[in-house]
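Before any comments, here is the structure.
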Amino acid sequence: MLRILCKQLYFWGHKSIKMNNIILFGPPGSGKGTQAVKLAEALNLCHISTGDLLRSEKAAGTQLGLEAKSYMDKGELVPDSVVIGMIGNKLDELANKVDGFIFDGFPRTAPQAEALDNLLEEKTTKIAKVLALEVTEEEIVKRILARGETSGRADDNDEATIRNRFQVYLNQTAPLAEYYKGQNKFVSIKGEGSIDDIFAALQQAVSN
Ligand code: ADP
């Protein structure tokens with residue numbers, strides 16, 4: 001399913017409201033997708049999941065999808081240029097027509113984080129907060145194997161691939177926490193417990 005559910009706003013003349021942009025951060029299987037849908041609905045934001053965008057390109061058999069497939073199936077990251085280009089197109093299409101974005105699964109590398117700041121600056125907006133879901137590796141492996149029974153995702157079935165995704169997260173994505181701590185935007189949230197309790201903690205963090 002393509003998770004881009006955005007109510008678009010149309011304005012007379014120049015657009016002037018401030019956008020509210022949030023990053024949901026955390027390892028694969030930490031619940032970013034589930035919580036992003038709920039937050040997008042509650043805050044009237046546009047949910048952008050790079051994983052969903054890439055899977056829909058794959059399913060449509062586009063050149064981009066074919067290129068992405070080999071990386072995704074192994075649990076490796078798709079090259080930055082591909083993902084950044086895809087996000088740039090989405091922002092061109094939607095910025096200033098929505099109240100803001102929830103980024104899910106993006107950015108995942110330092111170049112992606114810098115590119116996102118630049119792309120948002122071009123749209124005269126920026127990231128307001130980075131909400132990080134903290135979940136242990138053992139819980140992640142359990143959750144993704146359970147999801148694999150129904151998700152049909154090639155990367156959800158094999159424990160070695162799941163552990164590789166977690167290692168890729170530790171090596172390439174987790175260090176971005178420092179980048180956002182340096183910008184005073186990083187909030188850590190316990191990602192284990194009931195979906196509703198985690199959602200409440202996220203909402204609290206947004207309103208603080
Ligand atoms: P999960 O968070 O469970 O790993 P995603 O749907 O976010 O699932 O991502 C699935 C795969 O898509 C990743 O393992 C990676 O190959 C690719 N992908 C998604 N987002 C990015 C990104 N920002 N940069 C590079 N690759 C990405």
Side-chain angles (χ1 to χ4, degrees), residues 1-4 21-37 39-40 47-60 62 64-91 101-120 127 130-177 179-180 191 195 198:
M1 181 191 53
L2 180 57
R3 290 213 196 103
I4 297 242
N21 305 299
I22 292 171
I23 294 172
L24 265 187
F25 193 81
S30 56
K32 299 186 298 292
T34 304
Q35 297 293 344
V37 169
L39 274 179
H47 174 204
I48 297 188
S49 155
T50 39
D52 286 345
L53 288 172
L54 290 167
R55 276 185 290 279
S56 88
E57 295 282 344
K58 232 173 86 169
T62 64
L64 192 157
L66 289 176
E67 192 186 342
K69 180 179 175 354
S70 59
Y71 297 96
M72 295 173 78
D73 290 353
K74 282 184 287 190
E76 299 293 333
L77 294 184
V78 174
D80 285 336
S81 58
V82 173
V83 182
I84 292 167
M86 209 171 65
I87 289 285
N89 291 339
K90 278 290 151 203
L91 294 188
F101 295 99
I102 296 199
F103 295 99
D104 160 10
F106 182 88
R108 263 171 147 104
T109 63
Q112 290 181 21
E114 280 159 30
L116 180 60
D117 278 351
N118 293 333
L119 287 167
L120 290 175
I127 293 297
V130 178
L131 308 176
L133 292 171
E134 308 291 345
V135 183
T136 62
E137 178 172 357
E138 289 321 306
E139 173 72 14
I140 293 293
V141 173
K142 248 189 359 207
R143 283 188 192 180
I144 298 182
L145 282 173
R147 181 172 78 184
E149 287 173 16
T150 53
S151 72
R153 280 175 52 173
D155 58 348
D156 277 355
N157 284 304
D158 172 49
E159 185 170 335
T161 308
I162 297 168
R163 290 202 187 268
N164 186 42
R165 280 158 67 194
F166 194 81
Q167 280 312 310
V168 167
Y169 169 78
L170 290 182
N171 295 337
Q172 300 192 52
T173 307
L176 291 186
Y179 180 77
Y180 290 112
I195 289 176
I198 297 165

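Side chains included, hydrogens not; waters and symmetry mates left out as well; all remaining heavy atoms used. These figures come from a predicted structure and were not determined experimentally. Whatever order the structure lists ligands and atoms in, that order sets their numbers, starting from 1.
- The salt bridge (charged side-chain N to carboxylate O under 4.0 Å, His left out) search around K142 returns E139, not counting sequence neighbours.
- Of the N and O atoms on the side chains of T62 and E57, at least one donor lies less than 3.5 Å from an acceptor on the other residue.
- Heavy-atom minimum distance, H47 versus G33: CE1-O, 4.2 Å.
- A heavy-atom cutoff of 4.0 Å around ligand 1 is satisfied by the protein residues P28, G29, K32, T50, G51, L54, R55, M72, E76, L77, V78, V83, G105, F106, R108, Q112, R147, R153, D155, R165.
- In this structure, the ring-ring contact (aromatic ring centres under 6.0 Å, His included) partners of F103, at least two apart in sequence or on a different chain, are F101.
- Using a 3.5 Å distance cut-off with no hydrogens or angles, the side chains of E76 and N164 do pair a donor with an acceptor.
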Sequence neighbours left out, cut at 3.5 Å: what donor-acceptor pairs do the side chains of residues 111-120 make with other protein atoms?
| residue | atom | partner | partner atom | Å |
| --- | --- | --- | --- | --- |
| Q112 | OE1 | R108 | N | 2.8 |
| Q112 | NE2 | D80 | OD1 | 2.9 |
| D117 | OD2 | Y179 | OH | 2.5 |
| D117 | OD2 | Q183 | NE2 | 3.1 |
| N118 | ND2 | E114 | O | 3.4 |

